[in-house]
Amino acid sequence: MSKPLLSVSGLVRSYGTGGSKVDVLKGISMKIYPGEMVAIIGQSGSGKSTLMNILGCLDRPSGGDYQINGISTRSLSNDDLAALRRNYFGFIFQRYHLLTHLSAKDNVEIPAIYAGTSSKNRDEQARKLLTRLGLGERIDYMPGQLSGGQQQRVSIARALMNGGKVILADEPTGALDSKSGLEVMKILKELNSQGHTVILVTHDRSIAANAPHIIEIKDGEIVGDIWNKDKFFTKEQEAAYNASGAASADDGHAAEPAEESGSQSQSSGRIISELDRNLTGRTAFFAGLGRFGEAFKMAWIAMVTHRMRTLLTMLGIIIGIAAVVSIVAIGQGATEEIINNINSIGTNTIRIMPGKDWGDMRAGKIKTLSTNDMAALKQQVYTDSVTPSVTSSQILRYNRGEANGQVMGVSSEYFRVMGLSFASG
Ligand code: ADP
Ligand code: MG
């Protein structure tokens, strides 16, 4: 007797806290067996998507338990849940959720990038899936160039990229015309007969009628759980029906073997370790490197496709940096200019005179300050230039004119010491 693949019991999901707390799911219990095709049906707002997000490990329950292959998701770390999402579940959404700037093939490859698959294998697998789904001619088309039905098929290929053992389809036909909707349903049934477990959410009874097992929810509670034996099309569905206990007396599933929990957890442990096998040690390092490369490539593609946005962003950054650089440069230039001006006035010039102080009457008679002293000063590392200076007042005559003037005896370094420059002469 097969064991449930997914099993929820007393599942509660509430939003908000305190007085504004709303229970969206109010104690859902159900079992889904391997190879089943289940339709979850209910009106808009009944909590179908909320339940689906929990089943796909996109969300965690507020109460109750959710077990995958006998392992409680409460015991799994966020990384384990991410690995499950990546390698175990395939998601199909009403609005496809394709990246508009990537081609069909590149969209399909995304889950494999996160799984660290080599680019050659990714490319092969994506082409194979798209061809299988009838899009062999449109592998390099952008989502905008594809019809709704074709986009949904691309998203189905994406769901299958890493295997898609369990396919979660939330209103997959909701945005499609009835013909494309039927096509999508046909594909889902085919996938189911190839061994994929399919969980389908819909508000449309005629769509749900395709599934041999229909669970109806209303206001967050299960109000119906129907098996339609006429619709069985695989052995797994029959096996699931028998395992569910719906076939025999009502207490059929009371005989559910709790004592087998040891082997159950072993097998689920195996599932999870199989998922992570590819991501250990060196492989993980190269996968990380590959993902970085892919992220870079995608960033580049996004930049090239949104040229105007890229240009404006770049312009903003350029203006910002230019403004900062020029303000710093102007500041530095001004500081240097001011320091030069102050220096040229003579803050770094020292005058050495004979005598005790300004009023020393005998200063004129002291003759010990000589050119030797100047030479000695010149030797010091801290002196830039030295000049002697002897001043006397004289009457200066030129042709017929004469004037009082000062005559100074200095050396050639005088101009440098005083911060002067020769204009002419
Ligand atoms: P369905 O998919 O069946 O149409 P949903 O599961 O999306 O319904 O939503 C069920 C109810 O939960 C709705 O009443 C919705 O308003 C509410 N709900 C869903 N998500 C949130 C959220 N993040 N915060 C608060 N309420 C939410
Ligand atoms: Mg919904």
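This one's a predicted model, so the numbers in the text were calculated from it and none came from an experiment. As the structure lists them, so they are numbered: ligands from 1, and atoms in each ligand from 1.
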Which atom of I167 lies closest to which atom of G164, heavy atoms considered: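 That closest heavy-atom pairing would be CG1-O, 3.5 Å.
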Ring geometry between F91 and F93 (parallel below 30°, tilted from 30 to 60°, perpendicular above 60°):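 F93 vs F91 ring planes: parallel.
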Residues which pass salt bridge (charged side-chain N to carboxylate O under 4.0 Å, His left out) with K231, listed by chain and number, not counting sequence neighbours: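 Counting only residues at least two positions away or on another chain, K231 forms no salt bridge (charged side-chain N to carboxylate O under 4.0 Å, His left out).
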Determine, for [X] against [Y], whether the closest basic-nitrogen to carboxylate-oxygen distance falls under 4.0 angstrom.
X: D384; Y: R416; answer: yes
X: E183; Y: R153; answer: yes
X: D170; Y: K48; answer: no

Evaluation steps, side-chain hydrogen bond (donor to acceptor under 3.5 Å, both in side chains), between N192 and E36: CA-CA 7 Å; N192 180 236; E36 267 207 71; over 6 Å; no
R85 to F89, cation-pi by 6.0 Å centre distance and 45° axis angle: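 Negative - R85 is either too far from the ring of F89 or too far off its axis.
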Protein N, O or S within less than 2.8 Å of the Mg ion (ligand 2), waters excluded: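 Under 2.8 Å from the Mg ion (ligand 2) - ignoring waters, which are not counted - the protein N, O or S atoms are S49 OG.
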Pairs involving residues 50-77, ordered by first then second residue, that meet salt bridge (Lys or Arg N to Asp or Glu O under 4.0 Å) (sequence neighbours left out):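 Every pair satisfying salt bridge (Lys or Arg N to Asp or Glu O under 4.0 Å) with a residue in residues 50-77: R13-D59, D65-R74.
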Protein residues that have a heavy atom under 4.0 Å from any atom of ligand 1, sorted by chain and number: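 Lining ligand 1: Y15, V24, Q43, S44, G45, S46, G47, K48, S49, T50.
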